[in-house]
Amino acid sequence: MSMLVVGSVALDSLETPFGVRKDVPGGSATFFSTAASFFGPVQLVGVVGEDFPEEHVKFLADRGVDLAGLTRATGRTFRWSGRYGYDLNEAQTLDTQLNVFGEFRPELPASFRRPDFLFLGNIHPALQAQVLDQVEVRPKLVAMDTMNFWIEGTREKLLEVLARVDLLFINDAEVRQLSREHNVVKAARTILAMGPSRVVVKRGEYGALLFERDRVFAAPAYPLEEVFDPTGAGDSFAGGFMGFLANRGADLDADSLRQACVAGSTLASFCVERFSLDRFRDLSRKEIDERLAAFRSLTDFRPIA
Ligand code: AMP
């Protein structure tokens, strides 16, 4: 089934306790499409500037990402710089430069207008809405992501988009900020009352919670000995989650959504093992399948009498 993502395509500068990287490929659409590409084809809508290295475009194209919706505009590429301390769960934004995103008006090629699955990645909510407006047939699933930058700066527009989607991916600090509830369960319930019928709360090394109106599912994060760079973990989770569902053509029943959570956790666990996209460069389908199986033994236990 077809899958479309709109989001940022970025050059990130990162500081973690394990090293520093400058102007490496990043962005919500980049991580999402790379992770989803392990399950099937993805169409990408985004913008880069004149300075975006061609090798990063080639990497996405080689992974089978359809880049007919990637514009190269005059100016500099979107840049984000962030720092993580020893608590890798919390990114501190040092700088955000919108650059070519400031003027960007997404235009969907004709072949992109009927996606079965649509992911509105972390980006200005007005751009998310513009993409949603151009879709000609209601997709099977519309999901979105966002972050503190947009919750603080563009709250009203964000709430409008939220009312139009089926699923929100969000991290725990941001779900509190958006809902104005401290407790994560109450926060998720508040979001469910705002429009989406599902909320996935991403909790870094503590895993993810999927909330539906009458059910909750918890997927752990894979216990890794070495985590180098958490950047992109959330988008890789979403890419694994939606890529899995699109590839199965699965009904969005409870079992499929639970499996999708584990697929998301699996792709996120690979993402954080190296900086930027590096772990995805040589990742094989066999390694993914082995880790999916490892998740099963990680969470399997006999019913308690
Ligand atoms: P995450 O998966 O949440 O770690 O997302 C990390 C990616 O989000 C980074 O590669 C950044 O380039 C991108 N990003 C950071 N801030 C923004 C923003 N305000 N708008 C769009 N993308 C952003």
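Order of appearance sets the numbers: ligands from 1, and atoms from 1 within every ligand. Any value given below was found using the heavy atoms of this structure, including those in side chains, with hydrogens, waters and symmetry copies removed. Note that this is a predicted model, so its numbers are computed, not measured.
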Under 4.0 Å, heavy atoms only, figure out whether ligand 1 is touched by the backbone of H124, its side chain, both or neither. neither
Hey, is D251 close enough to R248 for a salt bridge, meaning N to O under 4.0 Å? no
Using a strict 4.0 Å threshold on nitrogen-to-oxygen distance, state whether R291 and E273 make a salt bridge. yes
Taking only heavy atoms of G26, which atoms of ligand 1 are found under 4.0 Å from at least one of them? 10 (O)
Are Q177 and N148 close enough that a side-chain donor and a side-chain acceptor fall under 3.5 Å? no
Please say which of D235, D145, D172 ends up in a salt bridge (charged side-chain N to carboxylate O under 4.0 Å, His left out) with K202. D145
Does at least one non-hydrogen atom of W150 fall below 4.0 angstrom from an atom of ligand 1? yes
At a non-hydrogen distance cut-off of under 4.0 Å, which region of D12 contacts ligand 1 (side chain, backbone, both, or neither)? side chain
When only distance counts, is T96 in polar contact with ligand 1, meaning an N/O pair under 3.5 Å? no
Measure A91 to ligand 1 on non-hydrogen atoms and call it side chain, backbone, both or neither using the 4.0 Å cut-off. neither
Has ligand 1 got any nitrogen or oxygen that is less than 3.5 angstrom from a nitrogen or oxygen of T231? no
Taking the side chain as everything from C-beta on, heavy atoms only, tell me whether P139 gets closer than 4.5 Å to F117. no
Closer than 4.0 angstrom: is that true for some heavy atom of F78 and an atom of ligand 1? yes
Find out whether S33 and L60 are in side-chain contact, i.e. whether some heavy atom of one side chain is under 4.5 Å from a heavy atom of the other. yes
Out of D95, D51, T96, which residue meets the side chain to side chain donor-acceptor pair (under 3.5 Å) rule with R79? D51
Which atoms from ligand 1 have a heavy atom of A10 less than 4.0 Å away? 12 (O)
Does any N or O atom in G234 lie less than 3.5 angstrom from one in ligand 1, N or O only? yes
Using only heavy-atom distances, determine whether the side chains of T16 and D229 contain a donor-acceptor pair under 3.5 Å. no
Specify the protein heavy atom at minimum distance from atom 22 (N) of ligand 1: its residue, its atom name, and the distance to 0.1 Å. S8 OG, 2.8 Å
N/O of M147 under 3.5 Å from N/O of ligand 1, yes or no? no
What protein heavy atom is closest to atom 2 (O) of ligand 1, reported as residue, atom name and distance in Å? D235 OD2, 2.7 Å
Heteroatom distance test (G232, ligand 1): nitrogen or oxygen, under 3.5 angstrom: yes
Option whose closest heavy atom lies nearest to atom 15 (C) of ligand 1, chosen from W80, F32, F31: W80
Please report the C-alpha distance between F295 and Y222 in whole Å, then the side-chain angles of each, then the deciding distance to 0.1 Å, and finally whether the ring pair (Phe, Tyr, Trp, His ring centres under 6.0 Å) criterion is met. CA-CA 7 Å; F295 263 99; Y222 189 72; 5.5 Å; yes
Indicate whether the side chain of N171 and that of E174 have a donor and an acceptor atom separated by less than 3.5 Å. yes
What is the nearest protein non-hydrogen atom to atom 21 (C) of ligand 1, stated with its residue, atom name and distance? N122 O, 3.1 Å
